[in-house]
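Counting starts at 1 for both ligands and their atoms, in listed order. Below, each value reflects all heavy atoms present in this structure, side chains not excepted, and no hydrogens, waters or symmetry copies.
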Amino acid sequence: MADNEASQPNLWSSRLMFILAAAGSAVGLGNIWKFPYIAGENGGGAFVVVYLLCIAAIGVPIMAAEVLLGRAGRQSPINTLRALVRRSGASKGWTLIGWMGVLGGFLILSFYAVIAGWALHYIFQAGSGTFTGASSAEVSGVFDDFLASPWTMLFWHTVFMAGTVAIVARGVNRGLEFAIRWFMPVLFVLILLLVGYAMVVGDFAAGFGFLFGFDFGALTVAGVQEAMGHAFFTLSVGMGAIMAYGAYVPGNVSIPGTVLTIASVDTVVALAAGLAIFPIVFANPDLEAGAGPGLLFVTLPIAFGNLPLGAFIGTLFFILISFAAITSAISIIEPALAWTVEQFRITRARVAIALGGICWFLGIGSVLSFNVWSNVHIVGERTFFDFVDYVTQVWMLPIGGFLIVLFAAWVLPKEIVTEQLGFSSGFKWKLWLVLGRVVAPIGVLLVFVYTTFLA
Ligand code: PHE
């Protein structure tokens with residue numbers, strides 16, 4: 001069967017563009033903000049091992065499954081699944097994956113935009129010299145004051161959502177590609193710069209030991225669960241974002257190699273972020289590795305506050321975190337956006353505004369979680385923000401990813417898979433079968449069973 005490239009009006013302009021777009025989706029707050037703080041809360045080393053294993057054994061096959069499904073269907077995830085279900089004669093129930101992804105996307109973007117708003121706010125804090133020469137205690141104080149001001153946080157949340165909407169409204173080539181092409185290369189350079197800085201002024205040995213010293217005694221059951229959930233979150237898999245991007249991949253791009261590249265870039269950036277942040281934490285007696293969501297917003301300003309040109313580089317850095325966040329945000333909303341456009345033939349711009357509005361509204365719950373509603377708990381000790389973060393990362397993405405890989409590896413007819421992967425026998429084919437049919441789904445199940453019943 002010929003590739004149905006012609007049926008998809010939007011295509012990435014090259015293989016590199018797809019790699020940058022998917023890496024732009026993968027590299028985001030998950031790498032720079034979340035990974036260091038959850039590694040810190042879970043004691044480092046052993047958590048990192050579990051996370052890396054989950055990336056390699058579970059995340060990569062699922063990402064390949066998403067790209068192949070997306071390109072085989074060439075539509076939004078919901079309609080792609082619908083079309084592939086028809087071609088495979090499978091149960092319509094599989095399209096639920098697409099719906100769950102849309103819901104997950106709203107929830108994720110709602111809190112994601114709030115944290116990205118923190119980064120935006122910090123561009124101006126760093127730029128105006130607030131941190132220059134400030135003590136650690138003063139820098140922590142600035143952060144605490146910010147968390148206590150719902151209006152300021154709401155303002156920046158709104159700015160971030162508006163920026164996301166403005167980009168996605170312009171479409172795949174003029175909007176998404178444009179943003180990605182500019183933001184990604186600069187981001188890589190700045191992260192390297194920061195690691196270099198941490199090597200010079202931080203306690204690099206301690207930071208390195210924390211990330212790579214494998215003390216399995218420090219690993220808790222919740223830590224294992226979080227490591228797997230984070231592997232999904234950081235690779236953007238399990239909710240259809242990569243499937244939506246897969247629909248725009250030109251027919252001649254090889255999926256396995258591309259997916260490996262994307263996952264490697266994501267992992268390297270996360271580890272680099274850890275190597276930039278922990279040496280600074282350990283060089284500073286006032287800071288703790290397990291500080292939680294504020295880790296990045298306290299350690300980095302302290303570091304920059306005492307660095308020559310720190311205000312300038314710090315400003316740049318928060319600009320880049322914001323860019324990293326926006327190249328992810330645009331992918332989180334794409335499954336819902338693409339579906340609405342296909343289904344109702346409304347312009348992307350209108351749909352973008354409407355869907356952005358929904359995420360913005362949900363995000364208010366996360367804004368308030370840090371102040372007015374900080375004592376309102378949803379399930380256990382979790383605030384609204386903690387809860388949304390938890391259900392999406394620990395439940396929705398792994399369940400979505402599990403079903404996606406089952407569908408691609410067990411249900412989809414072999415000729416569709418072969419056509420997408422470009423091989424149908426030999427070592428590569430066997431590897432796909434082993435990873436997609438067995439290792440990835442059983443890996444997810446094992447973590448679920450272990451963390452839910454045996455703990
Ligand atoms: N991968 C992104 C990050 O690490 C977040 C994301 C999750 C993007 C789910 C798309 C889908 O920041």
| request: Return yes if a side-chain donor-acceptor contact under 3.5 Å exists between E342 and S76, otherwise no. | output: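 Yes, because at least one side-chain N or O of E342 sits under 3.5 Å from a partner of the opposite role on S76.
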*Classify the side-chain pair N173/N10 by whether it contains a donor and acceptor separated by less than 3.5 Å.*
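Their side chains do not contain a donor-acceptor pair, so the 3.5 Å distance test is not met.
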[X] [atom1]: over 12 foreign heavy atoms closer than 6.0 Å:
X: F361; atom1: CZ; answer: no
X: F178; atom1: CZ; answer: no
X: F124; atom1: CZ; answer: no

Show me the short polar-atom pairs for ligand 1: any N or O of it lying under 3.5 Å from a protein N or O, with distances only.
from     : atom 1 : to   : atom 2 : distance (Å)
ligand 1 : 1 (N)  : S25  : O      : 3.1
ligand 1 : 1 (N)  : A26  : O      : 3.1
ligand 1 : 1 (N)  : F233 : O      : 2.8
ligand 1 : 1 (N)  : T234 : O      : 3.2
ligand 1 : 1 (N)  : S236 : OG     : 2.9
ligand 1 : 4 (O)  : A26  : O      : 2.9
ligand 1 : 4 (O)  : G30  : N      : 3.3
ligand 1 : 4 (O)  : N31  : OD1    : 3.4
ligand 1 : 12 (O) : L29  : N      : 3.1
ligand 1 : 12 (O) : G30  : N      : 2.8
ligand 1 : 12 (O) : Y112 : OH     : 2.4

Quiz item: Of all heavy-atom pairs between M239 and P335, which one has the smallest distance, and what is that distance?
Solution: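 Distance-wise, the nearest heavy atoms are O-CG, 4.2 Å.
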